[in-house]
Amino acid sequence: LITAMAKPEHADILIIGAGLAGIGAAVHARRQCPGKSLLILEGRERVGGTWDLFRYPGIRSDSDMFTLGYSFKPWEQARCVADGPAILQYIEDTIAENGLAPLLRLSHQVSRMEWSSDAACWSVAVQRGAEAPLTITCKFIIACTGYFDYNSPYRPTFPNEAAFRGTIVHPQHWPADLDYAGKRVAIIGSGATAVTLVPAMAPTAAHVTMVQRSPTYIFPRAGQEAVAVMLQRFLPGWLAYALLRWFFIVKFFVTYAIVRALPKVAKRALTQIATGALPPGYNVGKHFTPPYDPWHQRVCLSPDGDIFQAISSGKASVVTDAIDAFTPTGIRVASGEEIAADIIVTATGLTVKMLDIDMVVDGVKVDVPKQWFYKGAMLSGIPNLAVVMGYINASWTLRADLTTAYVCRLVNFMDAHGYTKAVPVKGDDVTDGDPWVDFSSGYVQRSVKVMPKQGPRHPWRLPQNYAVDLYVAKVEELVDGVLQFSGKDRPPPTPVLVPAWLLLAAAAVLIAVLLSILG
């Protein structure tokens with residue numbers, strides 16, 4: 001059968017993904033590159049990305065909204081940990097306030113991307129369900145597709161699953177009509193999703209048991225910060241938000257640096273917090289003290305210590321043991337104990353993937369996992385393509401904002417100098433690749449074969465450091481000898497190399513200034 005093609009469209013900047021990062025990128029691009037045409041493609045039928053996909057009970061942010069929110073749109077609620085519907089509404093409000101609806105193309109799934117250096121543009125093949133396929137050409141692509149598979153979560157098979165007579169669900173595909181009132185629920189997992197589900201389901205369920213192979217560090221924090229309440233009460237909204245954003249940025253990254261530098265102290269502090277929040281005699285060592293140091297995997301957030309409250313009330317419990325098999329009435333663990341359940345929730349994690357799209361550059365197929373991250377914003381060997389990759393150890397939007405700022409600065413620079421192509425080129429001196437992030441989490445270890453690599457030093461390193469990334473995005477010279485520019489009758493620019501010590505010194509000065517301002 002011959003399928004008719006729709007009339008091609010063109011955009012100067014094409015954004016793939018209409019989640020939190022994609023909508024933020026669109027606003028930044030319109031403001032910082034006002035003369036550029038723009039389109040936003042979303043494969044799903046709705047905007048929102050993660051915050052529309054996940055519908056399980058209690059779905060919420062795992063970061064404060066003063067840093068997860070956009071730099072240009074204040075989060076006006078005093079409660080700093082928001083639920084999924086509130087975040088989705090925040091995204092939809094941003095679309096409405098910035099007039100982005102005409103730029104959105106929903107149910108537009110990108111299937112192939114081809115770059116031509118002769119034409120200096122991308123040709124993007126788009127599938128649109130029952131409608132005719134479409135080709136879109138563009139000069140630059142910003143990929144805001146996240147890093148996990150929306151359709152296929154990580155779901156290991158457990159022995160004897162077929163024997164279980166109850167209901168088995170995965171949080172990523174939560175049934176809208178699932179009734180767990182008065183039911184016994186077993187949640188397999190110990191990550192952020194499980195830690196969210198336990199206190200959300202406990203008040204309604206008969207009992208909730210979190211079944212974990214190994215524990216996770218959990219940090220309880222106030223759902224409503226006193227400093228936020230005070231500043232929002234006495235200052236204009238935009239000023240309060242700006243101060244709170246910087247306050248939480250500095251607070252988090254300084255705390256993170258201290259935790260990584262003094263892991264034993266941090267481990268003892270987190271253990272003591274859990275001990276104080278749980279009933280006397282509770283086995284914190286077994287259930288809430290992991291074998292690794294804090295922030296070798298992500299520390300889970302618990303608003304107002306809600307998971308500890310659920311356990312203390314008797315409505316929830318934790319079993320730390322390997323699963324032996326499912327039984328007709330629940331789960332049997334290695335010790336022989338059986339956890340009775342009517343519903344089993346497999347909160348077993350995500351399937352990591354990135355740019356799972358056929359990609360060709362000048363006739364050569366690109367293998368994305370063999371590429372290297374460049375400044376956390378582009379990939380080696382791929383021209384005019386930015387990849388928005390948020391922080392793993394902090395709010396996703398912080399780096400997403402910086403990546404888009406870098407791209408807009410790059411696009412404007414190319415226009416000003418007549419360049420039509422920018423591609424990071426890895427030299428022969430960079431040979432030792434590391435996994436994309438230094439975490440021991442299961443999903444990170446499973447992702448090594450499907451994610452691009454990072455190198456041993458800048459600009460091939462992902463620093464997971466906001467001060468460094470801010471300098472790179474806003475200040476560092478674009479012409480560095482690694483990012484190669486070309487255009488019609490245009491010689492490549494002469495690189496202005498910035499010493500590494502100067503970059504580090506600038507980051508240190510920035511942190512010192514912010515700390516002095518925030519007191």
Query raised in the report: Could you go step by step and tell me if D469 and Y406 meet the side-chain hydrogen bond (donor to acceptor under 3.5 Å, both in side chains) rule?
Result: CA-CA 10 Å; D469 289 330; Y406 173 83; over 6 Å; no
**Report entry** Steps toward ring-ring contact (aromatic ring centres under 6.0 Å, His included) verdict (Y466, F252)
**Finding:** CA-CA 10 Å; Y466 185 77; F252 175 80; over 10 Å; no
Query raised in the report: Would F253 and F248 count as a ring-ring contact (aromatic ring centres under 6.0 Å, His included) if you check the C-alpha gap in whole Å, the side-chain angles of each, and the deciding distance to 0.1 Å?
Result: CA-CA 8 Å; F253 281 100; F248 285 112; over 10 Å; no
Report task. Test T348 against H170 for side chain to side chain contact (heavy atoms under 4.5 Å, CB included), laying out the working first. Result -> CA-CA 8 Å; T348 45; H170 193 286; 3.7 Å; yes
Requested in this report: Given side chain to side chain contact (heavy atoms under 4.5 Å, CB included), test Y256 with W295 step by step and report yes or no.
Outcome: CA-CA 8 Å; Y256 176 78; W295 280 114; 3.6 Å; yes
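Using a distance-only test at 3.5 Å, with no hydrogens or angles considered, no donor-acceptor pair links the side chain of H108 to the main chain of R128. Within the 3.5 Å criterion, the main-chain N or O of A162 finds no donor-acceptor partner in the side chain of R165. Although no hydrogens or angles enter the test, the distance criterion places no donor-acceptor pair under 3.5 Å between the side chain of Y56 and the main chain of P175. Between the D306 side chain and the P199 main chain, no donor and acceptor come within less than 3.5 Å of each other. Judged by distance alone, with hydrogens and angles left aside, the side-chain atoms of N98 form a donor-acceptor pair with the main-chain N or O of T94 at under 3.5 Å. Counting only distance, with no hydrogens or angles, the side chain of K73 and the backbone of G69 share no donor-acceptor pair below 3.5 Å. Within the 3.5 Å criterion, the main-chain N or O of G182 finds no donor-acceptor partner in the side chain of H207. A donor-acceptor contact shorter than 3.5 Å links the side chain of E42 to the backbone of R44. D321 places a side-chain N or O within donor-acceptor distance of the main-chain N or O of S335, the cut-off being under 3.5 Å. Judged by distance alone, with hydrogens and angles left aside, the side-chain atoms of K267 form a donor-acceptor pair with the main-chain N or O of P290 at under 3.5 Å.
Atoms CG and CE, from L235 and M230 in turn, are 8.0 Å apart once rounded to the nearest 0.5 Å. For the atom pair T351 OG1 and K353 NZ, the distance stands at 9.5 Å (nearest 0.5 Å).
Taking the ring centroids of Y90 and W75, they lie under the 6.0 Å cut-off. In this structure, F72 has its ring center under 6.0 Å from that of H28. The aromatic ring centres of W246 and Y241 sit 6.0 Å or more apart.
Using modelled atom types, one finds a donor on one side chain and an acceptor on the other under 3.5 Å when comparing T327 with E338. Defined by atom type and a distance below 3.5 Å, a donor-acceptor pair is missing between the side-chain atoms of T67 and R245. Under the 3.5 Å distance criterion, with hydrogens and angles disregarded, no donor-acceptor pair is assigned to the side chains of D401 and T397. Side chains of Y154 and D149: a donor-acceptor N/O pair is absent below 3.5 angstrom, by distance only. Side-chain atoms of T320 and H287 include a donor-acceptor pair closer than 3.5 Å.
For E161 and R155, the salt-bridge test passes: some basic side-chain N is under 4.0 Å from an acidic carboxylate O. R79 has a carboxylate O that lies under 4.0 Å from a charged side-chain N of D304, or vice versa, which qualifies the two as a salt bridge.
Within a 6.0 Å radius of NZ in K365, more than 12 heavy atoms belonging to other residues, nucleotides or ligands are found. Counted within 6.0 Å of CZ on R213, heavy atoms from surrounding residues, nucleotides or ligands total 12 or fewer; the atom is thus considered open.
Under the 30°/60° scheme for interplanar angles, the aromatic rings of Y150 and F148 are found to lie parallel. Classification of the F158-F326 ring pair by plane angle, with boundaries at 30° and 60°, yields parallel.
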